[in-house]
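Chain identifiers are assigned alphabetically (A, B, ...) following the order of the sequence lines, protein sequences preceding nucleic acid strands; residue numbering begins at 1 within each chain.
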Amino acid sequence: MKYWLIKSEPDVFSIDDLKDSPSGITSWEGVRNYQARNFMRDEMKKGDLVLFYHSNCNPPGVAGICTIEIESHPDLTAFDPESRYFDPKSHSDKPVWFLVDVKFASKFNTFIPLEKLRSKAELQQMKLLQRGNRLSVMPIQKTEFDTICEMGK
DNA sequence: GCCAACGTTGGC
DNA sequence: GCCAACGTTGGC
């Protein structure tokens, strides 16, 4: 099993929006970064555990946990000219963009702000904390996942 | 709202 | 294939 962190702007889609989705499941649409896509397309497996991070808000931080429910399939919003995620390079016979479906698992009792993550010695290696990091889907270590879950209790 | 960091685009 | 220009991300 692998461990991941995904970012979302809560103004756009928050962990409560995920919780309120039908069956707590949503397609993680709109990712338009190749590295992030490759993680979703090639490496995320059903049952993997995922931290849900709120970005571009005050304060940013980890809000809870979800799981991979459905493995890689094409991101249909790329085919839709009306969608803000439309990409004319992607065609249904040869899709460029892929996504996974994630399922709500739990919300932390304590929201963990970025500042708290930065202050933890065990988390200093996390990609999330590296300067200039912009990846919205990234792998994390089990030890990091466990540390953050403990902080969120 | 600013701006540093990074990814993508496109001319050459 | 290089690299300048541009657009986006996301913390602050």
Starting at atom CG of A:Leu5, determine the distance to atom P of C:dG10, rounded to an integer number of angstrom.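 About 11 Å, once rounded to whole Å.
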Taking CG from A:Leu114 and C1' from C:dC12, how many angstroms apart are they, rounded to a whole number?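 Roughly 10 Å, once rounded to whole Å.
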On DNA chain B, check which nucleotide each of A:Lys89 and A:Asn56 is closest to and give me the residue with the more 5' one.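 The residue closer to the strand's 5' end, by nearest nucleotide, is A:Asn56.
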Report all side-chain donor-acceptor pairs from residues 144-153 of chain A shorter than 3.5 Å, counting only partners two or more places apart or in another chain.
residue, atom, partner, partner atom, Å
A:Glu144, OE1, A:Gln141, N, 2.8
A:Asp146, OD2, A:Lys142, NZ, 2.8
A:Thr147, OG1, A:Thr143, O, 2.8
A:Glu150, OE1, A:Lys153, NZ, 3.3

Residue pairs passing the ring pair (Phe, Tyr, Trp, His ring centres under 6.0 Å) test where at least one lies in residues 58-79 of chain A, sequence neighbours excluded: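 Every candidate ring pair (Phe, Tyr, Trp, His ring centres under 6.0 Å) pair involving residues 58-79 of chain A fails, so no pair, neighbours aside, qualifies.
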Any residue meeting side-chain contact (heavy atoms from CB on, under 4.5 Å) with A:Ala63, in chain and number order, not counting sequence neighbours: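 Listed in chain order: A:Ile15, A:His54, A:Phe111.
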Protein-nucleotides 4-9 of chain C N/O pairs closer than 3.5 Å?
residue, atom, partner, partner atom, Å
C:dT8, O2, A:Arg134, NH1, 3.0

If you link I, L, V, M, F, W and Y whenever their side-chain heavy atoms are under 4.5 Å apart, who else ends up in the same group as A:Trp97?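 Members alongside A:Trp97: A:Tyr34, A:Val96.
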Residues 20-27 of chain A, side-chain donor-acceptor partners within the protein, below 3.5 Å, at least two apart:
residue, atom, partner, partner atom, Å
A:Ser21, OG, A:Asp17, O, 2.8
A:Ser21, OG, A:Leu18, O, 3.4
A:Ser27, OG, A:Asp101, OD1, 2.8
A:Ser27, OG, A:Asp101, OD2, 3.4

